[in-house]
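Structure record follows, encoded as structure tokens.
Note: hydrogens, waters and symmetry copies are ignored here, and every other heavy atom, side chains too, is used. Below, read A as the first sequence line, B as the second, and so on, with proteins coming before strands; counting in each chain starts at 1.
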Protein chains: 2
Amino acid sequence: MHWDHLRAFLTFIREGSVRRAAKTLNTTHSTVARQLKALEADLGGPLFEPGPEGRVLTPLGRRIVPMAERMEDDAAAIRRAAFAEDTTLAGPVCLSVSEGLYLNVFASVIDDFLRHYPMISLDLVMSDALSSLSRREADVVIRITNKPPDSAIGRKLSPSPLCAYVAPRYLANRPKLDRWVALDYGPSLTPILPARVVATASSLQSAAQLIRSGHGIGVLPCFQGDTDPDLIRLPDHDPMPDMDIWILTHTDLKANARVRVLLDYIYDAVPKIAPIVSGLLAQSEPG
Amino acid sequence: MHWDHLRAFLTFIREGSVRRAAKTLNTTHSTVARQLKALEADLGGPLFEPGPEGRVLTPLGRRIVPMAERMEDDAAAIRRAAFAEDTTLAGPVCLSVSEGLYLNVFASVIDDFLRHYPMISLDLVMSDALSSLSRREADVVIRITNKPPDSAIGRKLSPSPLCAYVAPRYLANRPKLDRWVALDYGPSLTPILPARVVATASSLQSAAQLIRSGHGIGVLPCFQGDTDPDLIRLPDHDPMPDMDIWILTHTDLKANARVRVLLDYIYDAVPKIAPIVSGLLAQSEPG
DNA sequence: TTGCACTGGAACAAATTTCGACCATTATCC
DNA sequence: GGATAATGGTCGAAATTTGTTCCAGTGCAA
């Protein structure tokens, strides 16, 4: 039995199809298919059965999933241990930020960081889906949460309040504040919706776009709404507290030199970014 | 990082040399050496350092050993789960018995078993070193112990008392019973040694040979001494209780059909083998 | 010293694995 | 119905991994 075939197995059951699994494994579907077949042959029994909606796991397949996942966890722990040993300031470090936070808040800080440490090659993952620290999909993440997981350590950078935003053209066309844009978004900041929902967006950017176009009023993090020149805060509304912005790394990785300087550099930039995030920034006037 | 390279790593640190590791992995030394080099490259740091007595692990190497071992455990658990699914009476099953027990006690029972289940191919591992059930080095083991490990289940076949044996020629040449052959043997049945030790043997067979040659008196399990036509029990000595003979399998494997019939068949043969093992056999006269 | 047994490294040939392009099939949508 | 985009399977060529063979160095014993 080849241990690497178990990785193909795990990826396959997560992705649901041989081709998608091949994509995330950076190979081809024929390779994944062959590896799965080889795994079944080595184990002496089928792991899948053809079902009505794609393949379905056999009892044996279902039984080995948790063990394969433990192997994956240990493999990730090994990679973390190796990465933590690296005490040089040259080499890669992977940072995961959501697109909105990067564009509106951290872009210039990260620019400065790269200039300050030219030997570090920053691997910037812009993803709303929260990259997993324990699977080593990222070394450092900047995340909006109110309780970081136990396996992570880091610092709270700033509170990130929410506020209701609207486009000036909406107010010009329609005096009643009864059309809203909802946000159905990974980090679960789906605010209360007091009135008719005319649209639902699945990302900050698309919600902002819908509000900009005058379709309705929407609740956004202040760092998103305040930095948008085409949006204004809803008159007579104040920011409301929500979650906090944290910078986090895995406990195992805190010894790594590049992780350390990245954490410190961004924490030291808090005075620069806190006003943008916490809603204290003088809001730019609509254009 | 290739997970399979971690297996090469584990085997290497156990065997101590690239060539020995290659042997147990059924490959060549160049392959193992390349895999270790690739693993170090993937992890970005050395795992070994050249030391005075062979290679020595770096701190990083030492740190990842337990995680790699957990991966190995899970890989073995996966193989056990797959093997347990097999409900057919055709195919392989691996039995581990010590050489002495096989030759003197179980050979004929196992012969009968093979005749009775011709579709089962028995993989008989004769090894004094106790094959590990949890690493799936054997599916069933017959072992002298007094407390089987928690992860194993099975049945006690018979007590296996010890007795002092001597060659008739020793008694003819030397009336004093002051020369002894010691047994330094894996399952720790090193008996008390009341007098001068003229030789120490590391296996039952070699201890029996030393006693046969008249070098001294030795304590052996009854199944070994009583079945040896060139040995007699020390006059006026009775067998003394020691450990028991168990037939064991891993908890995960008890569902496998071949494991089940092998366990049952050998348990049903207890009336046949118990007299030999328990010292109740009329001892064969010296030749 | 010499011979022997062992260590690990390097280079090339052989075996295996992977890739990439094709195929048939199925589900969905217009 | 037909078009489209999925799915997974097959097969020869390309790439990678492995096996083989040789090499130099080391420790040990005769």
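Rounded to a whole Å, the CZ atom of Phe48(B) is 15 Å from the P atom of dT7(C). A straight line from NE2 of His5(A) to P of dT16(C) spans 14 Å, rounded to a whole angstrom. Residue Asp4(B) contributes atom CG, which lies 12 Å from atom P of dT17(D) at whole-angstrom precision. With rounding to whole Å, Leu25(B) atom CG is found 17 Å from dT17(D) atom P. The nearest whole Å value for the distance from the CD atom in Glu15(A) to the P atom in dA6(D) is 14 Å.
Under the salt bridge (Lys or Arg N to Asp or Glu O under 4.0 Å) criterion, no residue pair touches residues 198-209 of chain A, with sequence neighbours excluded. Residue pairs meeting the salt bridge (Lys or Arg N to Asp or Glu O under 4.0 Å) criterion with at least one member in residues 201-210 of chain A: none, sequence neighbours excluded.
Residues satisfying the side-chain hydrogen bond (donor to acceptor under 3.5 Å, both in side chains) criterion with Thr11(A), sequence neighbours excluded, are absent altogether. Among residues two or more places apart in sequence or in another chain, the side-chain contact (heavy atoms from CB on, under 4.5 Å) test is passed with Ala75(B) by Met1(A), Trp3(A), Met71(A). Among residues two or more places apart in sequence or in another chain, the salt bridge (charged side-chain N to carboxylate O under 4.0 Å, His left out) test is passed with Glu15(B) by none. For Asp86(A), the side-chain contact (heavy atoms from CB on, under 4.5 Å) criterion is met by Thr88(A), Asn256(A), Arg258(A), not counting sequence neighbours. In this structure, the side-chain contact (heavy atoms from CB on, under 4.5 Å) partners of Arg19(A), at least two apart in sequence or on a different chain, are Ser17(A), His29(A).
Residues Tyr102(A) and Ile142(A) are not in side-chain contact: their nearest non-hydrogen atoms beyond the backbone lie 4.5 Å or more apart.
Near-neighbour residues of DNA chain C inside residues 31-44 of chain A, defined by a heavy atom below 4.0 Å, number-ordered: Thr31(A), Arg34(A), Gln35(A).
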Which atom pairs link the protein and nucleotides 21-24 of chain D when you take only N or O atoms and keep those under 3.5 Å?
unit_1, atom_1, unit_2, atom_2, d
dT21(D), O4, His29(B), NE2, 3.3

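Ser17(A) comes within 4.0 angstrom of sugar-phosphate atoms only, judged by non-hydrogen atoms across all strands, and of no base.
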